[in-house]
Amino acid sequence: MYIIKIGGNVLDNPERLQRFLIDFAQLPGPKLLVHGGGKIASTIGLQLGIQPAYVEGRRLTDAETLKLVTMVYAGLINKNVVAQLQALGCNAIGMTGADANAIPATKRPVKTVDYGFAGDIAGPETINATAIRALLDAGLTPVFAPLTHDGQGSLLNTNADTIASVLATALAPYYKVQLVYCFEKKGVLSDAQDDDSVISAIDQNRYQELKEKGIVTDGMIPKLDNAFAALRQGVSAVLIGEAEGLPSLADSEAFSGTTITLRHA
Ligand SMILES: Nc1ncnc2c1ncn2[C@@H]1O[C@H](COP(=O)(O)OP(=O)(O)O)[C@@H](O)[C@H]1O
Ligand SMILES: CC(=O)N[C@@H](CCC(=O)OP(=O)(O)O)C(=O)O
């Protein structure tokens with residue numbers, strides 16, 4: 001099955017999003033979509049007087065920000081993506097981690113930084129894979145917003161790349177899972193200024209090297225950490241590429257993005 005993550009810079013662009021959803025709707029077999037939306041939440045937050053703040057790629061989520069991201073992720077983005085997929089003949093069902101107790105989490109403990117209502121997922125074993133499989137078996141396509149819950153009535157904000165990785169790992173015992181991170185660039189680049197400098201494959205050693213040289217930075221670090229975590233825990237394949245790359249997934253030769261591997265092939 002396919003687990004696809006779509007990032008905020010594509011969600012923010014109606015034409016690119018529509019093209020991506022057309023391709024996603026056409027993917028064969030069971031599939032699941034995880035969306036981000038950090039950029040849209042920040043833009044709408046600023047209009048409401050809420051300043052975005054991040055530490056190491058994770059948003060500081062105070063009580064007001066939690067309300068904001070709940071409205072934006074679970075409401076505006078999730079429901080519009082579901083409606084667009086319905087129009088394309090894909091029977092999507094919108095989800096957060098609270099729905100069907102799909103993704104329980106715990107509020108991140110305060111150490112040097114107080115992340116507020118940010119949720120940490122203990123591991124794939126805490127995911128309600130039974131409920132997600134029931135949806136897939138019913139022919140539905142779950143569309144996850146990046147929200148989890150603490151089991152005591154509070155939603156929590158969780159990085160969308162992490163949600164995609166943990167869901168892929170939790171479903172790996174039941175399906176041959178291909179996890180694909182789609183974003184606005186063609187893949188992991190060796191030169192941030194050159195869109196065509198895609199690195200075709202990255203293993204763990206190369207990743208260390210790229211990090212040390214400052215070639216891989218910012219949001220790409222948690223994305224790659226999540227990619228390797230998924231591979232180590234039974235996910236069959238992890239790919240990072242542009243949103244327009246979905247039609248090439250069936251043919252690995254045709255895929256022009258970055259393939260993540262544990263060790264060099
Ligand atoms: N070597 C690299 N190649 C491509 N993108 C990179 C690289 N290093 C850092 N990045 C940054 O990582 C970002 C993607 O991660 P993230 O901000 O989490 O976005 P999203 O969640 O939308 O996928 C890119 O927009 C880019 O700015
Ligand atoms: C805790 C945390 O950082 N949550 C993220 C969730 C959204 C997200 O991951 O969006 P992209 O995939 O578009 O970056 C945030 O609020 O930005």
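Remember, it's 1-based here, ligands and their atoms both numbered in the order they're listed.
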Closest protein heavy atom (residue, atom, distance) for atom 14 (O) of ligand 2: G38 N, 4.4 Å

Nearest candidate to atom 25 (O) of ligand 1, where distance is taken over non-hydrogen atoms, out of K186, E184, K185, H35: E184

Nearest-neighbour protein heavy atom for atom 7 (C) of ligand 2, which is reported as residue plus atom name and distance: Y73 OH, 3.4 Å

Test item, R58 contacting ligand 2 (heavy atom, 4.0 angstrom): yes

Numbering as shown, the atoms of ligand 1 that approach G219 to under 4.0 Å (heavy-atom distance): 15 (O), 16 (P), 17 (O), 18 (O)

Nearest non-hydrogen protein atom, atom 19 (O) of ligand 1: K223 NZ, 4.1 Å

For Y54, the ligand 2 atoms whose distance to one of its heavy atoms is below 4.0 Å: 15 (C), 17 (O)

Protein heavy atom at shortest distance from atom 4 (N) of ligand 2: N157 OD1, 3.0 Å

Residue-ligand contact G37/ligand 2, heavy atom below 4.0 Å: yes

Sub-4.0 Å heavy-atom approach of Y115 to ligand 2: no

From V216, L189, D161 - option closest to atom 3 (N) of ligand 1 by heavy atom: L189

For ligand 1, the portion of M220 having any non-hydrogen atom under 4.0 Å away: both

Closest protein heavy atom to atom 12 (O) of ligand 2, given as residue, atom name and distance to 0.1 Å: K5 NZ, 2.8 Å

Close approach, H35 and ligand 2, non-hydrogen under 4.0 angstrom: no

Which of the ligand 1 atoms, numbered from 1, are nearer than 4.0 Å to a heavy atom of G7: 20 (P), 22 (O)

